Amino acid sequence: MHEWSYEELRSVMALTRMFARVGSSLHSLSRCRAQALSPVIPARVRTGGNRRWQHTAPQSSSCSWQLRDDCFELNYGGLVMHLDYVWLRDHCRSASCYNAKTNQRNLDTGNVELTIRPVKTRVDEESLFLTWPDGHVTRYGLAWLMENSYEGQRQRAMQPRILWNSEIYSSAKVPSASWDRFMSCSQELKSFLNSFLLYGIAFVDNVPATLEATELVTQRVSIIRETMYGRVWNFTSDFSRGDTAYTKLALDRHTDTSYFQEPCGIQVFHCLRHEGTGGRTLLVDGFYAAEKVLQQTPEHFELLARVPIKHEYIENMSDHRNHMIGIGPVLNVYPWNNEVYMIRYNNYDRAVINTIPHDVVQRWYVAHRQLTTELRKPENELWVKLKPGKVLFIDNWRVLHGRESFTGLRQLCGCYLTRDDVLNTARSLGLQA
Ligand SMILES: C[N+](C)(C)CCCC[C@H](N)C(=O)O
Ligand SMILES: O=C(O)CCC(=O)C(=O)O
Ligand SMILES: [Fe+2]
């Protein structure tokens with residue numbers, strides 16, 4: 001078996017750093033100031049060798065290009081793009097290559113010559129035209145290329161977000177949706193989803209305190225994700241399941257189902273009843289904490305993003321036997337722009353660490369400690385007391401939840417939602433997700 005030395009790990013990291021060196025920090029990116037691209041710069045003329053900057057008619061002075069040996073270099077609107085020739089052929093949107101009705105590729109990529117080059121190039125004000133050796137002509141919108149090239153993509157966040165501590169969240173005065181309007185008006189749903197996407201939490205008020213109404217409110221947003229806990233659950237401190245959630249004990253901040261290969265995307269809570277004290281809900285923005293780690297100690301951020309660890313759920317109850325294992329790093333980032341898209345943080349359910357050598361383990365614990373310190377800062381904690389009628393949606397890939405210990409009868413119902421379908425609903429309403 002190959003042992004992963006720290007040196008090797010470091011070189012892998014150096015490589016990722018290289019790829020990820022885009023802007024400085026990920027969330028200055030993800031906070032996404034609608035990313036205006038720099039203004040059009042004057043065209044450059046460069047000659048010599050086989051590198052020749054080509055200019056098209058004077059009216060398209062904002063665009064220049066050259067056929068390099070290894071790629072097509074296009075300079076448009078101040079963005080220099082390096083477009084692979086096979087990629088260009090593969091992304092032809094002509095009627096024979098692409099079905100615009102189904103938005104599916106018709107072209108058989110397996111038949112594209114890997115050494116393909118265009119035989120003719122032309123650029124006008126809006127488009128690039130390439131003629132291929134078989135005579136086929138591809139037209140690309142210059143704006144489309146800007147948006148879809150690697151260079152264009154890495155400048156944008158996949159998901160605009162507002163990272164928060166309790167002060168930021170409270171002073172934003174994010175409105176809650178109201179049950180009546182939420183169920184009948186798509187504008188209300190849209191503004192709810194907009195807040196949810198920006199902050200990773202959102203509330204619906206005035207919901208009837210029943211399981212059925214809770215189910216209806218969630219179905220407005222997405223498809224319920226059934227798990228071994230059931231579809232819509234309604235639990236109390238009866239230890240009916242082999243997990244601390246089913247007690248009166250306090251629960252430190254965590255994300256749920258870290259032991260799934262794909263942790264549940266959204267968690268919904270509705271407290272139907274509480275006759276007693278305590279039991280407040282704690283919410284912490286995991287991405288805000290990750291951003292702090294990145295700013296202070298990028299090597300630690302990188303360890304948390306690169307080292308895969310396991311989480312495990314082992315339940316041995318007479319009528320419930322489960323064994324789940326989920327593997328993945330604490331921070332999941334898109335490698336092209338370093339944007340965090342999922343945090344897996346559950347110290348209760350974290351399994352034995354046995355996939356990394358001791359020197360990495362040591363550093364990993366230091367990095368994990370730093371993240372924990374950030375997550376535990378009182379100023380990052382948002383405490384809410386869930387009351388009957390108030391339904392809370394939590395982005396379980398981003399915002400950690402916990403609870404205060406409590407006394408008395410407390411009944412909490414809710415469910416998990418399929419993340420893809422929440423984002424699908426958001427996109428169908430015109431939101432970026
Ligand atoms: C929400 N519900 C009570 C159904 C399940 C709780 C799951 C608890 C588990 N330790 C985890 O963090 O995933
Ligand atoms: O009881 C609560 O408020 C939440 C418990 C919990 O963490 C969970 O059910 O996932
Ligand atoms: Fe939980």
Side-chain angles (χ1 to χ4, degrees), residues 200-201 203 209 211 214-215 218 224-286 309-317 319-328 330 342-351 375 381-388 390-419:
I201 49 172
F203 297 88
L211 199 104
T214 312
E215 180 171 354
T218 64
I224 293 172
R225 176 163 174 190
E226 186 165 356
T227 63
M228 72 276 196
Y229 302 111
R231 214 173 85 83
V232 181
W233 25 261
N234 185 6
F235 72 102
T236 182
S237 50
D238 58 4
F239 205 62
S240 59
R241 302 295 300 263
D243 192 278
T244 325
Y246 297 77
T247 67
K248 288 183 161 64
L249 298 172
L251 286 175
D252 191 27
R253 64 224 69 199
H254 63 274
T255 58
D256 266 27
T257 62
S258 50
Y259 39 78
F260 286 176
Q261 284 295 18
E262 188 193 288
C264 292
I266 283 88
Q267 160 124 276
V268 179
F269 283 140
H270 188 183
C271 184
L272 299 181
R273 207 170 152 192
H274 185 199
E275 289 136 23
T277 58
R280 284 180 308 160
T281 298
L282 167 64
L283 298 164
V284 180
D285 185 355
I309 53 163
K310 293 180 195 154
H311 287 82
E312 202 169 18
Y313 181 84
I314 307 171
E315 188 176 19
N316 278 318
M317 304 281 280
D319 41 1
H320 295 286
R321 293 191 187 278
N322 291 294
H323 190 172
M324 299 285 179
I325 298 177
I327 301 172
V330 172
M342 176 170 83
I343 179 167
R344 227 184 247 263
Y345 185 99
N346 192 319
N347 207 51
Y348 302 107
D349 296 333
R350 191 160 45 72
L375 289 168
E381 299 181 331
L382 182 72
W383 286 94
V384 286
K385 175 68 187 163
L386 297 178
K387 299 249 167 66
K390 194 180 216 23
V391 176
L392 165 62
F393 288 69
I394 305 170
D395 182 345
N396 188 53
W397 282 20
R398 167 178 173 186
V399 174
L400 287 69
H401 64 277
R403 77 160 179 233
E404 191 181 27
S405 65
F406 62 92
T407 64
L409 176 68
R410 180 173 178 269
Q411 213 182 322
L412 195 68
C413 88
C415 58
Y416 297 113
L417 302 179
T418 318
R419 188 181 190 80

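Atoms within each ligand, like the ligands themselves, are counted from 1 in listed order. The model shown is predicted, which means the values in this text are computed figures rather than measured ones.
- In terms of protein heavy atoms, atom 3 (O) of ligand 2 is closest to Arg410 NH2, 2.7 Å.
- Among His274, His254, Arg403, the residue whose heavy atom sits closest to atom 7 (O) of ligand 2 is His254.
- Under the 3.5 Å distance criterion, with hydrogens and angles disregarded, a donor-acceptor pair is assigned to the side chains of Ser240 and Asp238.
- For the pair Asp252 and Asn347, the minimum side-chain heavy-atom distance is 4.5 Å or more.
- With contacts defined as side-chain heavy-atom distances shorter than 4.5 Å, the pair Glu315/Asp243 does not qualify.
- Here the protein heavy atom with the shortest distance to atom 10 (O) of ligand 2 is Asp256 OD2, 2.8 Å.
- The protein non-hydrogen atom at the shortest distance from atom 7 (C) of ligand 1 is Tyr229 OH, 3.4 Å.
- With the Fe ion (ligand 3) at the apex, His401 NE2 and His254 NE2 define an angle of roughly 90° (rounded to 10 degrees).
- Atom OD1 is the N/O/S atom of Asp256 found closest to the Fe ion (ligand 3).
- Of the N and O atoms on the side chains of Asp256 and His254, at least one donor lies less than 3.5 Å from an acceptor on the other residue.
- Numbered from 1 in the order shown, with element, the atoms of ligand 1 that lie under 4.0 Å from a heavy atom of Asp243 read 8 (C), 9 (C), 10 (N).
- Which parts of ligand 1 touch Thr257 is read off a 4.0 Å heavy-atom cut-off, strictly below it: atoms 11 (C), 13 (O).
- The shortest separation from a heavy atom of Tyr313 to ligand 1 is not under 4.0 Å, leaving the residue out of contact.
- In terms of polar-atom proximity, Trp233 is not counted as a contact of ligand 1, lacking any N or O under 3.5 Å from an N or O of the ligand.
- The side-chain heavy atoms of Glu312 and His323, taken from C-beta on, include a pair separated by under 4.5 Å.
- Every heavy atom of Tyr348 sits 4.0 Å or more from the atoms of ligand 1.
- Between the side chain of Arg344 and the backbone N or O of Pro263 there is no donor-acceptor pair closer than 3.5 Å.
- At least one side-chain heavy atom of Arg225 sits under 4.5 Å from a side-chain heavy atom of Glu262.
- Contacts between Asp349 and ligand 1, counted as non-hydrogen atom pairs separated by less than 4.0 Å, involve the side chain only.
- For Asn396 (side chain) and Gln267 (main-chain N/O), no donor-acceptor pair under 3.5 Å exists by modelled atom type.
- Proximity of His311 to Ile309: side-chain heavy atoms (C-beta onward) are separated by under 4.5 Å at one or more points.
- A side-chain donor-acceptor contact under 3.5 Å links Asn346 to the backbone of Thr255.
- Looking only at side-chain heavy atoms (C-beta outward), His270 and Leu386 stay at 4.5 Å or farther from each other.
- Closest to atom 13 (O) of ligand 1 among all protein heavy atoms lies Tyr259 OH, 2.6 Å.
- For atom 9 (O) of ligand 2, the closest non-hydrogen atom on the protein side is Phe235 CZ, 3.3 Å.
- Remark: among candidates Leu251, Leu412, Asn346, the nearest residue to atom 12 (O) of ligand 1 is Asn346, based on non-hydrogen atoms.
- Only the side chain of Leu412 comes within contact range of ligand 2, with a heavy atom under 4.0 Å; no backbone atom does.
- If you number the atoms of ligand 2 from 1 as listed, the ones under 4.0 Å from a heavy atom of Leu251 come out as 5 (C), 6 (C), 7 (O).
- By the criterion of a heavy-atom distance under 4.0 Å, the side chain of Tyr416, and not its backbone, is placed next to ligand 1.
- Atom 4 (C) of ligand 2 has its closest protein heavy atom at Phe269 CZ, 3.8 Å.
- At a 3.5 angstrom cut-off on N or O pairs, His401 counts as close to ligand 2.
- For ligand 2 and Gln267, the ligand atoms under 4.0 Å from any heavy atom of the residue are 10 (O).
- Residue Gln267 has at least one heavy-atom neighbour below 4.0 Å for each of these atoms of ligand 1: 1 (C).
- Two rings, from Tyr313 and Tyr229, have their centers less than 6.0 Å apart.
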task = Please step through side chain to side chain contact (heavy atoms under 4.5 Å, CB included) for the pair Leu417 and Ile224, ending with a clear verdict.
result = CA-CA 5 Å; Leu417 302 179; Ile224 293 172; 4.1 Å; yes

